[in-house]
Amino acid sequence: MNSQWRISILLLMLLVSLADGAMGGQDTAQAAGVVLPMEQSRPAGLGQRYVRWLVVAPSQPETLFALTSDGRVWRSADRGDRWTHLHTVDPKVTAFTLGIDYQPPFTLYLGTDQGVFRSNDSGVRFVLVNTRPARAISVAPGDAAELWAGDTTVWRSRDGGASWGEASNDMVAAQQIGSPIVIVPPQSNPFLVVGLARSGARYLWRSSGNGFWKTLPTPLTWDRTQVEALGLAWDNGNRTLYTGDVGGRLYQSTNVTDADERAVRWTIAHDFGAGYQVVPLAVGQAPSLYVTLRHSTDNQLMRGTQVGGVWRWQPLRLPLAPATPTMRTMPRQPRDDIFVNTTGGLWRITGATGRVVSLVREQSDVLQLAITPDGQRVAYIVDTQPTEWTLGLELRVADAATGETTRVTPLQPDTPPSRLTTEEWVNARNAVSPIEQKFREGSLAWSPDGQQLAFLSFHDGVSSDLYLYDARDGAISRLSDGPSHAYQIRWSPDGRHIFYTAASAFDTKAPYEIPVGAWVAAADGSGNQRLYEVGPQSAGETFVGWIDAKTVLVYTSPLRCNYVHLRTVNIETGVVRMVLADEFSSVAYDPRVGGALIGAWSSLRCTPALAPGVYLWPRSGAEITQLAATEYSVSVDPAQPGWLIMSDNVQRVSPTGELSPGGAMPEVTCQYRFGHDALAWTSSPGAAANPYAPGLWVTPFGEAPRRIHDQVARMFLWSTDGTTLYFVGENGVDLYRAAAPDFRPVRLGTTPPVRSLHRQGASTAFQGCG
């Protein structure tokens with residue numbers, strides 16, 4: 001055994017010697033590196049967790065702060081050898097990035113999908129300072145109040161994040177910032193480099209800090225696979241910028257500050273091998289380069305140092321989070337902006353301050369609105385000639401901050417009605433019908449990233465067709481071409497497809513259309529296809545929701561019945577799966593669950609396969625089960641995944657079907673809407689056996705009703721987070737806001753008579769009584 005053991009040792013030494021020789025002979029463009037043996041690396045692996053962001057305290061380079069993918073903030077005082085858990089982000093918030101200022105005690109900034117948070121105690125507690133989403137944050141050297149941030153573009157703040165201005169001149173808009181914003185401390189103005197990811201393409205941009213940008217060359221072998229973050233790290237001492245790749249390569253540029261941006265060159269600093277995504281995070285003491293290695297089975301946090309031109313890498317341990325961590329709840333997201341459609345144009349209620357400002361002056365009727373998810377743009381249709389039935393509709397887009405308006409296109413040919421034949425006039429009315437849809441959604445829809453607007457028009461044809469407006473360059477493309485009229489447009493969650501239905505005509509005496517098909521169009525203009533044939537019994541096909549990016553949930557409205565044929569349709573294969581073939585009364589689909597609640601009432605008169613009651617379809621592919629035998633209205637719960645069912649009381653339904661009481665449901669004589677753990681409703685005078693005084697009421701779940709206003713609100717809606725109620729006074733011109741927990745109304749201001757209220761990220765109008 002001794003001789004065998006010695007032979008094994010000699011063989012091992014020979015293999016190590018050969019490996020060292022192979023490394024020494026590598027091309028200089030692929031610098032050699034030393035990684036600790038895998039058996040030493042495995043205990044330090046993070047599993048499915050990974051370090052999403054890491055910053056180095058500028059005046060204490062041995063001090064690190066890290067953000068992990070599970071929403072936890074950590075601190076290390078010894079270059080990453082040991083870590084202390086500081087903070088756990090609220091699970092409702094997705095945290096993307098950390099930023100740090102340059103003077104202790106350090107101020108940390110946390111960029112999330114719900115805004116920018118600040119910690120003045122080195123990461124223990126965070127408070128919200130602005131609702132602008134941020135995927136990257138950097139603090140300017142020498143000025144702790146100047147922040148740079150990125151989401152779909154680049155923004156700058158000069159007041160510590162309280163307010164922001166766009167700083168992306170000459171920059172092509174992207175789907176998201178894909179890397180840190182690196183601020184290089186020079187002798188004079190800040191010099192910035194930012195990486196962006198758009199549809200798999202990568203860009204690097206450089207600026208002198210004035211908001212104007214120029215593109216930089218990128219590594220020639222840069223992989224184009226779509227990633228969450230590219231990673232950029234700046235070594236100020238060696239004036240070197242690092243970036244990474246999906247193919248396991250770490251790149252470096254030593255002349256990224258060259259006056260001629262075209263001269264910037266990249267080399268491969270180290271190759272970790274296939275299967276790794278390399279995300280450089282920061283440069284610290286020694287200097288040390290901190291890198292996240294993403295892998296399908298085990299992620300790593302690595303610290304690299306160069307010894308004699310050779311990279312040596314050490315995996316760093318990061319402890320598991322406590323089994324029962326103490327959650328430090330972050331403040332709820334402030335109210336989003338509310339948009340008000342009036343007889344004199346559009347107004348905006350600023351969610352942060354409640355200030356009411358005039359956005360766009362319009363003397364003509366505004367028929368439809370659609371607001372981007374980030375609230376930065378408002379698309380609307382204006383009727384410039386309301387006395388003419390086939391003329392005057394025009395699409396416009398306004399900047400929500402400045403009110404600057406772009407006239408996109410007329411939505412019909414410029415042909416006077418007097419010159420139309422009877423057949424042409426009828427056809428024009430059918431084309432206009434789905435476009436104008438006064439105060440209802442259907443003809444305008446922003447893409448999930450807010451960069452493209454799908455809209456209906458027949459300005460260069462005889463039918464209502466699907467078009468696409470690109471807000472980045474103003475281009476308009478046509479995605480469908482009649483002869484039927486498109487209506488009911490819905491973007492897929494990934495922004496790649498648009499579902500729409502088509503009809504040959506619209507019945508003016510009843511809310512029925514004569515359907516001819518359901519279609520899906522590719523947003524890149526590569527074509528559209530018909531999903532399925534519409535049966536002769538259908539008087540309309542209704543979109544319910546996206547099950548996933550490739551599957552829609554729809555149902556059919558027969559002419560004399562309620563609803564039938566609730567089914568899923570795969571937009572790529574056309575495969576149809578029936579959820580419920582026979583008649584039902586209502587359906588509420590919750591995309592957070594992937595399932596629906598279905599109501600069946602005793603009034604069903606055609607093919608009621610279900611006994612009256614409420615039924616749960618928990619997810620695609622599952623069977624329907626009955627939850628209750630009582631007739632209920634069904635609704636999605638805005639507060640948490642699941643649903644609400646309503647009759648004489650309210651009950652919550654969990655995703656798995658458990659019922660829990662939510663409180664009494666008053667007899668509503670006008671309207672009601674659910675917020676976050678509260679119900680708003682109106683009581684009108686003169687209703688028989690009405691025990692409630694006229695006015696606007698709020699019933700927090702589990703509490704008694706409160707009358708918060710002594711007049712019947714004409715219309716009202718909840719903020720996106722459901723904690724604040726906006727409403728219009730009975731006179732139709734006074735705007736109010738009532739916030740949880742006391743819901744004390746505050747009069748915000750007066751506008752011209754209000755036609756509808758709209759919420760950020762929505763196209764649906766919220767109207768009310770009267």
Side-chain angles (χ1 to χ4, degrees), residues 173 339 341 345-346 359-372 376-400 402-417 419-420 424 427-447 449-491 495 498 500 502 519 521-525 528 758 763:
F339 295 85
N341 178 17
L346 305 181
L359 183 63
V360 176
R361 301 278 186 182
E362 291 286 0
Q363 298 303 316
S364 303
D365 292 346
V366 174
L367 304 184
Q368 286 214 44
L369 275 78
I371 301 100
T372 54
Q376 299 303 303
R377 297 186 181 98
V378 181
Y380 63 97
I381 296 173
V382 62
D383 188 356
T384 62
Q385 299 186 44
T387 59
E388 296 287 353
W389 277 15
T390 57
L391 286 176
L393 298 185
E394 183 173 278
L395 174 62
R396 300 176 183 177
V397 173
D399 185 294
T402 66
E404 181 179 353
T405 302
T406 300
R407 294 185 173 183
V408 177
T409 179
L411 299 179
Q412 68 285 302
D414 187 14
T415 305
R419 295 178 55 186
L420 298 177
E424 290 172 336
N427 200 56
R429 283 307 307 148
N430 279 309
V432 166
S433 181
I435 296 173
E436 58 184 10
Q437 293 195 51
K438 293 186 177 181
F439 312 129
R440 293 186 293 138
E441 61 179 330
S443 64
L444 297 176
W446 285 102
S447 59
D449 65 1
Q451 301 295 336
Q452 295 175 294
L453 175 71
F455 67 96
L456 300 179
S457 177
F458 73 112
H459 62 271
D460 57 5
V462 295
S463 60
S464 167
D465 282 306
L466 179 63
Y467 290 80
L468 200 62
Y469 167 73
D470 196 316
R472 294 164 291 197
D473 57 14
I476 296 177
S477 53
R478 186 175 185 177
L479 299 185
S480 73
D481 188 358
S484 57
H485 305 287
Y487 69 103
Q488 192 181 201
I489 53 181
R490 298 291 190 279
W491 282 88
I498 304 169
Y500 67 99
W519 303 73
D524 62 5
N528 59 359
H758 300 256
S763 59

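Count residues from 1 along the sequence.
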When rounded to the nearest 0.5 angstrom, what distance separates [atom1] in [X] from [atom2] in [Y]?
| X | Y | atom1 | atom2 | result |
| --- | --- | --- | --- | --- |
| L444 | Q368 | CG | CD | 5.0 Å |
| H459 | L411 | NE2 | CG | 8.0 Å |
| Q488 | L456 | CD | CG | 10.5 Å |
| R396 | L369 | CZ | CG | 12.5 Å |

Out of T372, L359, V397, V366, which one pairs with V378 under the side chain to side chain contact (heavy atoms under 4.5 Å, CB included) rule?
->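 Running side chain to side chain contact (heavy atoms under 4.5 Å, CB included) over T372, L359, V397, V366 with V378 returns exactly one hit, L359.
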
Please list, chain by chain and in numerical order, all residues satisfying side-chain hydrogen bond (donor to acceptor under 3.5 Å, both in side chains) with T405, sequence neighbours excluded.
->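 So T405 forms no side-chain hydrogen bond (donor to acceptor under 3.5 Å, both in side chains) with any residue.
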
Looking at residues at least two apart in the chain, or sitting in another chain, which of them share a side-chain hydrogen bond (donor to acceptor under 3.5 Å, both in side chains) with Y380?
->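 side-chain hydrogen bond (donor to acceptor under 3.5 Å, both in side chains) check on Y380 returns E362.
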
Does the side chain of [Y] come within less than 4.5 Å of [X]'s, by heavy atoms?
| X | Y | value |
| --- | --- | --- |
| P434 | S464 | yes |
| Y487 | S443 | no |
| L393 | L367 | yes |
| N528 | L479 | no |
| Y469 | Q452 | no |
| N341 | H758 | yes |

Heavy-atom pair of closest approach, residues [X] and [Y]:
| X | Y | answer |
| --- | --- | --- |
| A523 | G495 | CB-O, 3.7 Å |
| S463 | H485 | CA-ND1, 3.5 Å |
| R377 | A400 | N-CB, 4.2 Å |

According to the salt bridge (Lys or Arg N to Asp or Glu O under 4.0 Å) rule, which pairs have a member within residues 478-488, sequence neighbours left out?
->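 Passing the test, one end in residues 478-488: D460-R478, D465-R478, R478-D481.
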
Can you run down the salt bridge (Lys or Arg N to Asp or Glu O under 4.0 Å) pairs that involve residues 403-412, sequence neighbours left out, and say none if there aren't any?
->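 Passing the test, one end in residues 403-412: E394-R407.
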
ring-ring contact (aromatic ring centres under 6.0 Å, His included) against F455, all qualifying residues, sequence neighbours excluded |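 Per chain and number, F455 pairs via ring-ring contact (aromatic ring centres under 6.0 Å, His included) with Y467.
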
With W519 via side-chain contact (heavy atoms from CB on, under 4.5 Å) - residues at least two apart =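 W519: side-chain contact (heavy atoms from CB on, under 4.5 Å) contacts with Y500, A502, R530.
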
Listed partners of A454 passing side-chain contact (heavy atoms from CB on, under 4.5 Å), at least two apart =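 L466, L468, I489, W491, I498.
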
Whether W446 side chain and A370 backbone form a donor-acceptor pair below 3.5 Å =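 The answer is yes, because a donor-acceptor pair under 3.5 Å joins these two groups.
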
Going through the distances and angles, do L453 and L395 end up as a side-chain contact (heavy atoms from CB on, under 4.5 Å)?
-> CA-CA 11 Å; L453 175 71; L395 174 62; 4.0 Å; yes

